[in-house]
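Here is the structure we will look at.
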Amino acid sequence: MERNYISGIDPKTGSQITLAGWVQDIRVLKNVSFIVLRDHTGIAQITLKRENLSDYDEIINISRESVITVTGSAVKNSISRTGPEIIARDVRVLNRAESPLPLGVTDPVNSDIDTRLNSRFLDLRKRENSIIFEFESSILWGIRRFLRSERFVEVHTPKVVASATEGGADLFGVKYFEKNAYLNQSPQLYKEILISSGFERVFEVGPAFRAEKHNTPRHLNEFTSIDIEMAFSDHNDAMAMLENSIRSGVEEVLDDMEDHLKAMGYELKIPKTPFPRIGWMECYDLLNSEGKAPEPGSDFSPEQLRIIGDRYDGFFFITGWPEYLRPFYTMPDPENEGFTNSFDLQLKEIEVTSGAQRVHQPDLLEKRFRDKGLKPEDFDFYLNAFRYGMPPHAGWGLGLERLTMILLGLNNIREATLFPRDRTRLSP
Ligand code: AMO
């Protein structure tokens, strides 16, 4: 269909155009009426005059959110409160919306998140919501562009798998013909196998599934994981790659859409790199000095992470995690027994990335499986890749929704997810 976009209207020329979009609002008077028309690029005021339209009475009965096309001319030098003004010569109704609407499109976003998600198709017609996903698209574009410039190859690994990646409990089982299978928690094992295949640098953007029961503002049961793995590298190389990926992503967004984000009330700044690094032990001592250390064997709670995070303005790394808090594939720190060459990237209490140098020696890997109570023979497909020439390697996994949530200051990760899957939600 030949059409013009609202943002492309040049009111200086008063040219003849055809617009297509949704009726956001309609104000009816006797011989002249006004439609606020919305397309993906903005809003325009459509002026309907009885003298110009033989079907005037029919058109003004149109319900809000119906889909129409309008052919007419832009009024020279006229920009109303609702965008450029078009005098309509022809209006076609492509599809009529039922009324009442289950969710208002022009009211401010104040319905509760469940009501919004139930009618997500309407919720996303609000600009302040749809822009979140344009942001995601843009930041991902920037991260991809950066990784490709660093010679990473984008790969796609299976999501239906035979064994756990990140530990036993949080798996969704699926029937795979006569076998039991699982939805993958992370591409971890496959991205490492590809290092042995000689790719040297790979990245993947794909879904990851976690059957975690907690229903919090920062957990999803299906999220988008941006994963990298790089050969002949350690945790320090991986951290540098992460800082630069995030900075490049934000730069792309600012180039693309800084003004649009500002107009919707989102402030975004290029994060200063390198991000500060604090050792896990230093965090522990800090908490201990306030009488708030974690119980032996426990991870930091959100409250404890907030205490640590309050010392930093933006992103910071927590490095050198104890072995008991990291998965089997994490490389022990040769100079600090019981600790690992690992890191998390945090913003305040929210973890956005985990990463590490990996164990690349098959014997050590088998031992790490056993230490964690896992059977190495269940992971033969993975271990085999370590037996015939596996370089030292490192990598990380970055949650796209969490990154979006913290950069845009959203209160709930569901706002950064088109159709969230959580403890209770499986539809839409
Ligand atoms: P981890 O399990 O820490 O590490 O996950 C990496 C990142 O993925 C995101 N994430 C989540 N986002 C939303 N909801 C969840 N339930 C959820 N779980 C995780 C977070 C987190 O930091 N294989 C390792 C990565 C690696 O070492 O390369 C892994 O999956 O942003």
Side-chain angles (χ1 to χ4, degrees), residues 136 139 143 147 152 155 157 159 161 163-172 183-195 201-230 233-235 237-239 241-242 245-246 249 299-300 302 305 315-319 321 325-331 340-359 368 382 393-407 410 412-418 420-423 425:
E136 273 189 5
I139 197 161
I143 292 174
L147 290 173
F152 282 79
V155 296
T157 64
K159 302 303 155 213
V161 296
S163 50
T165 309
E166 302 297 321
D170 301 332
L171 284 163
F172 287 112
L183 295 179
N184 208 1
Q185 297 163 301
S186 140
Q188 183 67 38
L189 307 189
Y190 289 95
K191 60 181 183 169
E192 290 193 69
I193 292 174
L194 291 173
I195 293 300
R201 289 181 164 200
V202 293
F203 77 99
E204 176 162 9
V205 181
F209 303 89
R210 305 278 168 100
E212 294 161 343
K213 293 223 168 84
H214 23 241
N215 216 2
T216 79
R218 57 181 196 288
H219 283 95
L220 296 164
N221 294 105
E222 176 179 355
F223 66 94
T224 305
S225 190
I226 308 169
D227 273 85
I228 76 155
E229 206 62 32
M230 49 201 287
S233 304
D234 65 11
H235 49 300
D237 301 318
M239 281 191 275
M241 206 54 85
L242 179 59
S245 295
I246 293 179
D299 205 345
F300 294 133
L305 288 170
F315 289 107
F316 66 99
F317 284 109
I318 302 179
T319 59
W321 289 70
L325 290 176
R326 301 307 269 208
F328 58 83
Y329 50 77
T330 314
M331 181 66 106
T340 56
N341 286 348
S342 59
F343 58 88
D344 274 6
L345 182 68
Q346 297 280 144
L347 201 136
K348 298 293 171 196
E349 73 274 20
I350 300 193
E351 172 210 317
V352 263
T353 314
S354 280
Q357 184 184 355
R358 324 298 189 183
V359 175
R368 296 277 291 150
Y382 169 69
H393 57 284
W396 42 255
L398 163 65
L400 176 62
E401 296 85 355
R402 284 217 188 147
L403 182 67
T404 303
M405 177 185 173
I406 58 171
L407 286 176
L410 308 175
N412 193 319
I413 196 166
R414 289 161 185 78
E415 300 205 44
T417 316
L418 284 170
R421 294 290 174 259
D422 64 25
R423 183 70 185 86
R425 182 173 288 280

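Note that ligands are numbered from 1 as they come in the structure, with each ligand's atoms numbered from 1 the same way.
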Lys/Arg-Asp/Glu bridge criterion (N-O < 4.0 Å) met for [X], [Y]:
{"X": "Glu415", "Y": "Arg218", "result": "no"}
{"X": "Asp344", "Y": "Arg326", "result": "yes"}
{"X": "Glu229", "Y": "Arg358", "result": "yes"}
{"X": "Asp170", "Y": "Arg210", "result": "no"}

Under a 4.0 Å heavy-atom limit, does [X] contact ligand 1 with its side chain, its backbone, both, or neither?
{"X": "Tyr329", "result": "side chain"}
{"X": "Ser354", "result": "both"}
{"X": "Glu401", "result": "neither"}

- Message: Suppose we call two aromatic rings close when their centres sit under 6.0 Å apart. Are Phe209 and Phe172 close by that rule?
- Response: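 That pair fails the under 6.0 Å test.
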
Between the side chain of [X] and the main-chain N/O of [Y], is any donor-acceptor distance below 3.5 Å?
{"X": "Trp396", "Y": "Met239", "result": "no"}
{"X": "Glu204", "Y": "Thr157", "result": "yes"}
{"X": "Arg402", "Y": "Glu351", "result": "yes"}
{"X": "Asn341", "Y": "Asp234", "result": "no"}

Within-cut-off N or O pair, [X] and ligand 1, under 3.5 Å:
{"X": "Glu229", "result": "no"}
{"X": "Gln185", "result": "no"}
{"X": "Glu212", "result": "yes"}
{"X": "Leu220", "result": "yes"}
{"X": "Leu398", "result": "no"}
{"X": "Ile228", "result": "no"}

- Considering Glu222, Arg218, Arg210, Gln188, which one's heavy-atom position lies nearest to atom 1 (P) of ligand 1?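 Considering heavy atoms of Glu222, Arg218, Arg210, Gln188, the nearest to atom 1 (P) of ligand 1 sits in Arg210.
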
- Anything under 30° is parallel, anything over 60° is perpendicular, the rest tilted; go ahead and classify His219 against His214.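 If you compare the ring of His219 with that of His214, the planes turn out tilted.
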
With atoms numbered from 1 as shown, which atoms in ligand 1 lie under 4.0 angstrom from a non-hydrogen atom of [X]?
{"X": "Glu351", "value": "3 (O), 21 (C), 22 (O), 31 (O)"}
{"X": "Thr353", "value": "22 (O)"}
{"X": "Ile413", "value": "13 (C)"}
{"X": "Trp396", "value": "26 (C), 28 (O)"}
{"X": "Lys191", "value": "26 (C), 28 (O)"}
{"X": "Gly355", "value": "27 (O)"}
{"X": "His219", "value": "14 (N), 16 (N)"}

- Task: Report yes or no: does a heavy atom of Arg358 sit under 4.0 Å from some atom of ligand 1?
- Result: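 So Arg358 counts as touching ligand 1.
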
